[in-house]
Amino acid sequence: MSTPPRRYDDEASLLARAHRFAGWSIAELAREIAHPLPKDPTRSKGAIGHLVERALGADRGSLPGPDFASGIELKTLPVDARGKPAESTFVTVLSDKDLELPWASSHARAKLLHVLFVPVESRTVRGFAERRFGRAFVWRPTEEDELVLADDWAHLTERVLVHGEVRASEGVALQIRPKGKNAEDTTRRADDDGAPTRQLKRAFYLRASFTESILARSGLAR
DNA sequence: CCATGATCATTG
DNA sequence: CAATGATCATGG
């Protein structure tokens, strides 16, 4: 058995690689690395994420954990014509285990400690292949970010524990929304009386308003 | 089934 | 027109 090659991709190296294609279009980057683009982008929602993963050398596939051995998580960030995030950012699927852990030891926090954001024009700006990349930047949560996230985490997980349900409107930076193939994509769970039941698969997302503040700060920093 | 990558499309 | 709730694709 051979061990898959593991490069140690540090922050500076990843930033340099990502900055190379700032200003490029999806089609240009895809051609550069000979990466096929989907014929129907609407049915290939993760296509840009996969393209950037390959361009930066992420090779962990769909294994759990950060994209790079260095612990850095890669996220594309769709931005509208005004430069503001057009969508929320997926963090991690909600599991029963999450409900027993504080923010500090959560899987979500582990993924958000060191993030490389790669901005890309959203579909509201121009056609799929012509959408251009922005300048990548790194985010590490500040102490204040962590306070907000920890507070949301405590609130949201308690809502799920006590009520079983939680609205997407709850949470300042984090929110819980569906995440699955469709409405039939459920997960096993114990109800209030401890009886087994099924529950729509859900996940944590970062609100666009939160990534907007992150984006604004990164702009001021350079 | 688990996880990864997200955006779509309807609603308010 | 932003936000919520729903959905799509791929790999192990």
### Query
Is any side-chain nitrogen or oxygen of T76(A) closer than 4.0 Å to OP1 or OP2 of dA6(B)?
yes
### Message
So K84(A), base contact, sugar-phosphate only, or nothing? Heavy-atom distance under 4.0 Å.
### Response
nothing
### Task
Specify the residue among S169(A) and K45(A) whose closest nucleotide of DNA chain C lies further upstream toward the 5′ end.
S169(A)
#### Entry: Straight-line distance of R109(A) CZ to E146(A) CD, nearest 0.5 Å
4.0 Å
### Message
Check this one for me: any side-chain N or O of R167(A) less than 4.0 Å away from OP1 or OP2 of dG5(C)?
### Response
yes
### Summary
Rounded to whole Å, the CZ-P distance (F117(A) to dA6(B)) equals 10 Å
### Contact nearer the 5' end of DNA chain B, comparing V91(A) with I48(A)
V91(A)
### Query
Hey, does the side-chain of Y205(A) have a donor or acceptor N/O within less than 3.5 Å of a partner on the base of dA6(B)?
yes
### Donor-acceptor pair (no angle test) under 3.5 Å: K179(A) side chain, dG5(C) base
no
#### Entry: Euclidean distance, atom CG of residue L77(A) to atom P of dA6(B) [Å, nearest integer]
10 Å
### Parallel, tilted or perpendicular, as decided by the 30° and 60° cut-offs, for the rings of F204(A) and W153(A)
parallel
#### Entry: Whole-Å distance separating the CD atom of Q175(A) from the C1' atom of dT7(B)
14 Å
### Task
Return the value, rounded to whole Å, for the distance between atom CD of E53(A) and atom C1' of dA3(B).
12 Å
### Query
Can you find a side chain N or O atom of R82(A) that sits less than 4.0 Å from OP1 or OP2 on dA2(C)?
yes
### Query
How would you label the contact of E170(A) with the nucleic acid (heavy atoms, under 4.0 Å): base, sugar-phosphate, or nothing?
nothing
### Message
Does E28(A), at its CD atom, have more than 12 non-hydrogen atoms belonging to other residues, nucleotides or ligands within less than 6.0 Å?
### Response
yes
### Message
Distance check needed: dT10(C) P versus L37(A) CG, whole Å only.
### Response
14 Å
### Query
Going from NE2 on H163(A) to CG on L161(A), what distance comes out if it is rounded to the nearest 0.5 angstrom?
10.0 Å
### Query
Thinking salt bridges, do K45(A) and E87(A) make one under a 4.0 Å N-O criterion?
no
### Task
Classify the side chain of R202(A) versus the base of dT7(C) as yes if they form a donor-acceptor pair under 3.5 Å and no if they do not.
no
### Task
Give a yes/no answer on whether the side chain of K201(A) brings an N or O atom under 4.0 Å of OP1 or OP2 in dC1(B).
no
### Task
Name the closest nucleotide to the E87(A) side chain, picking from dT7(C), dA3(B), dT7(B).
dT7(B)
### Task
Specify the separation, in whole Å, of atom NZ of K111(A) and atom C1' of dT4(B).
8 Å
### Upstream residue (5' side of DNA chain B) when T92(A) and T42(A) are each assigned their closest nucleotide
T92(A)
### Task
Just call it for T89(A): base, sugar-phosphate, or nothing, with non-hydrogen atoms closer than 4.0 Å on any strand.
nothing
### Task
Looking at every strand, decide which applies to G46(A) at a 4.0 Å heavy-atom threshold: base, sugar-phosphate, or nothing.
base
### Query
Base, sugar-phosphate, or nothing for P41(A), non-hydrogen atoms under 4.0 angstrom?
nothing
### Task
Please check the phosphate of dA3(C) (OP1 and OP2 only) for any side-chain N or O of R207(A) closer than 4.0 Å.
no
### Message
What's D67(A) touching, base or sugar-phosphate or nothing? Going by heavy atoms closer than 4.0 Å.
### Response
sugar-phosphate
### Query
Can you check the N182(A) CG to dT7(B) C1' distance for me, whole Å?
16 Å
### Query
Once you round it to whole Å, what is the distance between C1' of dC8(B) and NZ of K181(A)?
14 Å
### Message
Under a 4.0 Å threshold between the charged nitrogen and the carboxylate oxygen, would D145(A) count as salt-bridged to R217(A)?
### Response
yes
